[in-house]
Trainee: 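Shown below is the structure under consideration.
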Amino acid sequence: MSELRFDHVSVRYGSRSTGLTAVDDVSLTIPSGSVVGLVGESGSGKSTLARAAIGLAPVTGGAITLDGVDVAKLRRRHPIQMVFQDPFSSLDPRMAIGESIAEMIPRGTFSSAAAKRAEVGRLLKLVNLDPDRAGSLPGALSGGQRQRIGLARALAARPEVIIADEITSALDVSVQGSVLNLVRNVCAELELTMLFISHNLSVVRYLSDYIAVMYLGHIVELGPVDEVLNNAKHPYTRELLASVPTRNGNLLAVDPAAPMDVEPADPHHPPSGCRFNPRCPIGPLVHPERQICVQSAPQLPTTPGHATACHFADLTRGRVPQPFEPSW
Amino acid sequence: MPTRLKWLSIVRSPVGATATVLVLIVALLAIFAPLLWGAQAEAIDTAGTQQGPSAEHLLGTDALGRDVLARVLIATQLSVALAVIAVVIGVTVGTLLGTAPSVLPRWAARLVVGIVNIAVAFPGLLLALFLAAVFGVGATGAVFAIGLAMAPSFARLTQTMSAAIAGRDFISAARAAGVSRLRVLIRHVLPNIAEPLIVNATVAAGGALLAFAGLSFLGIGVQVPAYDWGKLLSEGLNRIYINPAAAFGPAVAVVVAGLAFNLLGETAASVAGGRVATGRWTLSPLPQPATRTAPAFPNVSVGTILSIENLRVSYPTPNGLVHPVRGVSFEVREGEALGVVGESGSGKSLTALAASRLIEPPGVVDADRLEFNGIQMLTAPEKTIRGLLGTSLAMVFQDPMTSFNPTRRIGSQLAEAAQEHQGMSKKDAMKRAVKQLQAVRVPAATRRAEQYPHEFSGGMRQRAMIAMGLMNSPKLIIADEPTTALDVTVQRQVLRLLERVRTDTNAAILLISHDIAVVSQSCERVLVMYAGRVVEDLPTAELYTGARHPYTRALLEVVPDLDTDREQPLGVIPGRPPAPGEVPLGCAFAARCPLATVQCRESDPELETHRGKHRVACWNPVGGDTRVTLPELSTAAPRTEAAPVATVGGAQ
Ligand SMILES: Nc1ncnc2c1ncn2[C@@H]1O[C@H](COP(=O)(O)OP(=O)(O)OP(=O)(O)O)[C@@H](O)[C@H]1O
Ligand code: SF4
Ligand code: SF4
Ligand SMILES: [Mg+2]
């Protein structure tokens with residue numbers, strides 16, 4: 001069992017006057033052995049939430065627990081490991097890849113150097129790389145290979161939870177697939193719990209059991225993958241879905257109701273009430289009587305299943321509409 | 001570049017070679033001079049004291065009749081040794097101080113940083129004088145004084161460099177695994193800052209040499225009977241009117257040795273920073289396609305805005321000329337939206353840059369035809385080209401931050417474009433700038449025009465960049481990955497904006513993207529590039545159904561979509577594209593292609609018209625209705641990366 005739980009977690013950077021709350025009162029549970037995909041626009045706090053779980057961002061409120069135990073108390077065991085976005089900065093350029101992996105093996109696990117080397121070889125094989133390459137420097141590897149080393153390194157610590165932050169966004173599409181297939185197989189085989197962060201909804205859909213959508217530090221929608229994608233209720237999620245370039249979509253279509261081209265909100269001065277209200281196509285800009293959106297922040301229901309933080313979520317139904325022809 | 005090559009290249013630059021030779025001479029003298037001329041330097045000749053230069057004593061003799069030249073040569077040893085020891089002390093103490101904050105508890109770290117900050121602000125030589133007084137007069141005191149005086153600047157250097165490294169992900173990874181701070185420091189931080197530290201130490205050695213000469217000259221350095229260059233200099237200066245050569249000798253020695261260290265350090269620094277041209281290039285002739293078929297477009301037809309034929313871009317490397325773009329031909333018609341897709345390194349951006357003649361030397365561009373709006377871009381004078389850019393030809397780049405001047409307001413930067421090319425008055429130009437910002441839907445355009453680039457979000461900056469391109473009614477907008485750094489919602493807004501500009505002004509758009517779905521939704525025609533060539537050119541309407549090149553088919557298959565089958569592994573194109581220097585003889589895709597034959601490996605297929613506007617470069621194009629089926633890849637699958645696993649149904 002390894003259930004990762006974020007309980008009313010807040011992360012605040014900087015001083016009281018000039019700082020910003022990158023993650024604001026977020027509650028999220030990743031059931032043991034399942035994959036939660038976290039999507040949301042740049043700066044919405046996805047990476048911050050992930051980094052808080054491994055102690056690289058300051059948790060200023062709430063608690064993060066693994067099977068009920070505060071993760072801060074588990075740091076000795078390092079049960080949560082992360083795979084990073086940039087394959088070119090995530091490996092020490094001067095350290096042989098085998099060494100980078102060996103460094104993560106908990107101390108005292110292996111008595112002899114030979115056993116340690118064998119473990120490195122096993123890990124390399126696990127991520128479909130030739131164990132003979134343990135001596136190579138990262139410079140000699142392609143982006144996709146480096147990402148696999150990143151995974152092997154995370155696995156070396158024998159984690160229960162893997163956090164993958166945009167692990168394929170720096171890769172070419174032709175190699176992206178091999179990394180994703182590998183992550184999926186390894187996680188299934190080792191029964192790992194995973195938080196998978198990506199801005200690419202198609203990739204998230206492929207890998208995840210649940211999806212959480214973040215907007216300006218809040219989770220605005222959460223639920224099983226198909227539920228959220230086929231029956232998105234939050235207007236932001238719907239906008240996101242309509243913006244994904246797909247073979248059947250129509251990116252150039254215009255929704256005449258949407259207040260288009262609004263500047264993304266400033267995280268230092270988030271809007272009052274619902275943080276999405278200045279951009280919301282069903283909010284106060286379009287329906288002036290919906291002042292509640294400016295006055296009070298909608299809460300994410302804690303009931304299991306599909307949850308949406310929007311005062312008018314129940315008014316939106318069905319798959320994202322695409323009825324509009326390009327008007328110009 | 002491998003480290004060894006990098007360091008070798010120091011020796012190859014003229015300045016570096018000079019410095020290396022000088023340092024070698026100094027080092028040899030330091031080691032061997034006392035053995036060779038020791039006796040001569042100590043031989044007292046009471047009869048011939050204080051003589052001027054002569055054949056016997058080239059620099060004359062000193063107050064005891066000893067040969068000055070021999071003494072100058074022998075003093076090399078002590079002078080250099082003192083300088084080196086001082087640098088070692090300075091670097092060691094500096095590195096300790098500089099790295100201590102990352103392992104100490106927070107309050108102690110602050111204290112150390114504070115002390116370093118104060119010490120850095122203190123003039124080095126003053127510190128040395130003060131410390132020399134503390135340690136007492138003599139060589140030992142001087143060594144410590146100069147060494148410690150150097151420490152603060154090394155501490156600062158170490159601090160800034162380790163801070164830069166500490167932000168990298170591999171440090172985060174190590175810390176997440178519980179690797180101790182000290183271990184992180186020793187295993188990850190220090191090795192990565194060693195190179196610049198050594199470079200700086202070399203420069204510092206030159207400085208230390210001068211500082212010692214100064215201290216000894218002042219009489220608080222080396223004491224009799226020992227002597228270094230500074231000591232000799234002060235002796236020589238006492239008699240400068242009797243025998244100027246006696247002062248001149250040690251002075252030249254100090255300057256030459258100091259310069260040698262400084263030059264070596266500077267050259268090494270520029271190599272480490274990648275600023276030095278490395279190696280000589282062997283120029284090989286451009287490879288010409290074996291068979292020159294008739295040009296794809298015999299004449300530039302009416303309504304064509306950009307016409308490119310057999311475009312090549314070449315770069316010199318230490319191993320000869322490479323050709324990242326190898327014979328690209330296409331046309332863009334007025335008002336057309338043309339997309340270019342391909343993996344990173346396929347030559348998309350270089351093609352765009354070459355089309356607007358923005359390739360910087362040492363890059364070389366040549367083409368059978370490169371014609372924009374009736375102008376021959378290859379032969380047109382610089383001035384004509386500059387006039388085009390920003391008027392009829394607009395460029396939009398991935399990172400608009402680098403395309404704006406960060407110190408000037410957005411509005412006046414836009415206005416400047418119109419002032420320069422249209423001779424508009426400042427006021428009119430400003431009005432037009434605001435109008436264009438409104439046209440690209442920047443909210444509150446009047447107020448926004450007064451802001452600086454950093455006050456704009458990424459999406460807004462990209463709009464402003466497009467607005468800048470629109471200031472002078474362009475005929476062609478080249479947009480290189482204009483939405484890659486943006487969120488999908490913002491990406492959609494920018495794509496819509498480009499589309500609206502196109503319909504409103506009939507400007508053609510050349511949209512470069514690595515995302516085939518983006519191109520398929522925003523362009524009428526798509527060029528697929530691979531390893532520096534166009535391998536397929538077809539209308540986007542036919543992309544998903546009629547693509548015939550195996551690479552295009554594979555690309556379409558491997559991109560996951562919102563309806564990809566989750567029960568199946570994702571498709572993969574095995575292997576990777578050849579590097580520009582390693583393009584094979586035949587089809588560049590052959591090593592990854594499931595349909596490759598002997599013919600494919602031996603000769604490169606030409607881009608040939610198949611039907612209507614559809615062009616394909618392939619010996620075995622996939623039939624119009626077959627689909628590439630993709631590899632079943634699992635962890636149990638063979639690990640060989642290059643083996644083609646994809647198969648194409650129906651075509652076999
Ligand atoms: N160390 C830091 N100090 C101050 N602010 C920070 C720091 N790290 C992140 N932020 C801010 O916190 C907010 C959330 O950032 P975060 O990196 O978590 O976003 P993200 O959703 O991962 O975005 P992306 O998709 O671009 O990776 C942003 O406004 C960011 O500028
Ligand atoms: S709460 Fe109001 S503003 Fe927020 S998303 Fe829902 S409708 Fe829009
Ligand atoms: S020419 Fe041959 S190797 Fe190249 S893509 Fe066509 S079939 Fe494949
Ligand atoms: Mg992030």
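Throughout, protein chains are lettered first and strands after them, A, B, ... in sequence-line order, and every chain is numbered starting at 1.
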Trainee: Check each atom of B:Glu343 against the heavy atoms of chain A and say whether the ones under 4.5 Å are side chain, backbone, both or neither.
Mentor: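 Both backbone and side chain.
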Trainee: With a 3.5 Å cut-off and no angle check, do the side chains of A:Arg148 and A:Gln145 form a donor-acceptor pair?
Mentor: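 Absent: no donor and acceptor within the cut-off.
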Trainee: Would you give the length of the straight line joining atom OG of B:Ser162 to atom CG of B:Asn192, rounded to the nearest 0.5 angstrom?
Mentor: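 These two atoms lie 10.5 Å from each other.
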Trainee: Tell me, for B:Arg183 versus chain A, whether the close heavy atoms (under 4.5 Å) come from the side chain, the backbone, both or neither.
Mentor: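 Side chain only.
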Trainee: Which atoms of A:Asp172 are under 4.5 Å from chain B, going by heavy atoms: the side chain, the backbone, both sets, or neither?
Mentor: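 Contact with chain B is through the side chain of A:Asp172 alone.
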Trainee: Flag the one option from B:Pro560, B:Pro577, B:Ser520 with the top tally of heavy-atom pairs under 4.5 Å to chain A.
Mentor: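 Winner by heavy-atom pair count: B:Pro560.
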Trainee: For a side chain to side chain contact (heavy atoms under 4.5 Å, CB included) check, start with the C-alpha distance between A:Leu124 and A:Ile149, then their side-chain angles and the critical distance, and finish with the verdict.
Mentor: CA-CA 7 Å; A:Leu124 283 173; A:Ile149 303 287; 3.8 Å; yes
Trainee: Going from CZ on A:Arg153 to CE on A:Met104, what distance comes out if it is rounded to the nearest 0.5 angstrom?
Mentor: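 Reported to 0.5 Å precision, the distance equals 5.0 Å.
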Trainee: Please look at A:Val225 and chain B and tell me whether the side chain, the backbone, both or neither of the residue comes under 4.5 angstrom of a heavy atom of that chain.
Mentor: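 Looking at A:Val225, just its side chain touches chain B.
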Trainee: Are the charged groups of B:Arg496 and B:Glu499 less than 4.0 angstrom apart, N to O?
Mentor: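 B:Glu499 and B:Arg496: not salt-bridged.
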Trainee: A:Leu137, A:Val203, A:Asp226, A:Val175: which one forms the most heavy-atom pairs within less than 4.5 Å of chain B?
Mentor: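 Max contact count across the listed options: A:Asp226.
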Trainee: Non-hydrogen atoms of chain B under 4.5 Å away: do they reach the side chain of A:Leu180, the backbone, both or neither?
Mentor: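 Only the side chain of A:Leu180 comes within 4.5 Å of chain B.
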Trainee: In terms of heavy-atom proximity below 4.5 Å to chain B, should A:Thr168 be classed as side chain, backbone, both, or neither?
Mentor: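 Looking at A:Thr168, nothing touches chain B.
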Trainee: In Å and rounded to the nearest 0.5 Å, what is the CG to CD1 distance from B:Leu543 to B:Ile516?
Mentor: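 The distance works out to 4.5 Å.
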Trainee: Parallel, tilted or perpendicular: which describes the rings of A:Tyr236 and A:Phe276, with under 30° parallel and over 60° perpendicular?
Mentor: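 Ring orientation, 0 to 90° scale: perpendicular.
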Trainee: Report the option among A:Thr246, A:Val173, A:Asp92, A:Leu91 that has the most heavy-atom pairs separated by less than 4.5 Å from atoms of chain B.
Mentor: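 That would be A:Asp92.
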Trainee: I'd like to know which of B:Thr564, B:Val518, B:Asp565, B:Val559 tops the heavy-atom pair count under 4.5 Å against chain A.
Mentor: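 With the most close heavy-atom pairs to chain A, the winner is B:Thr564.
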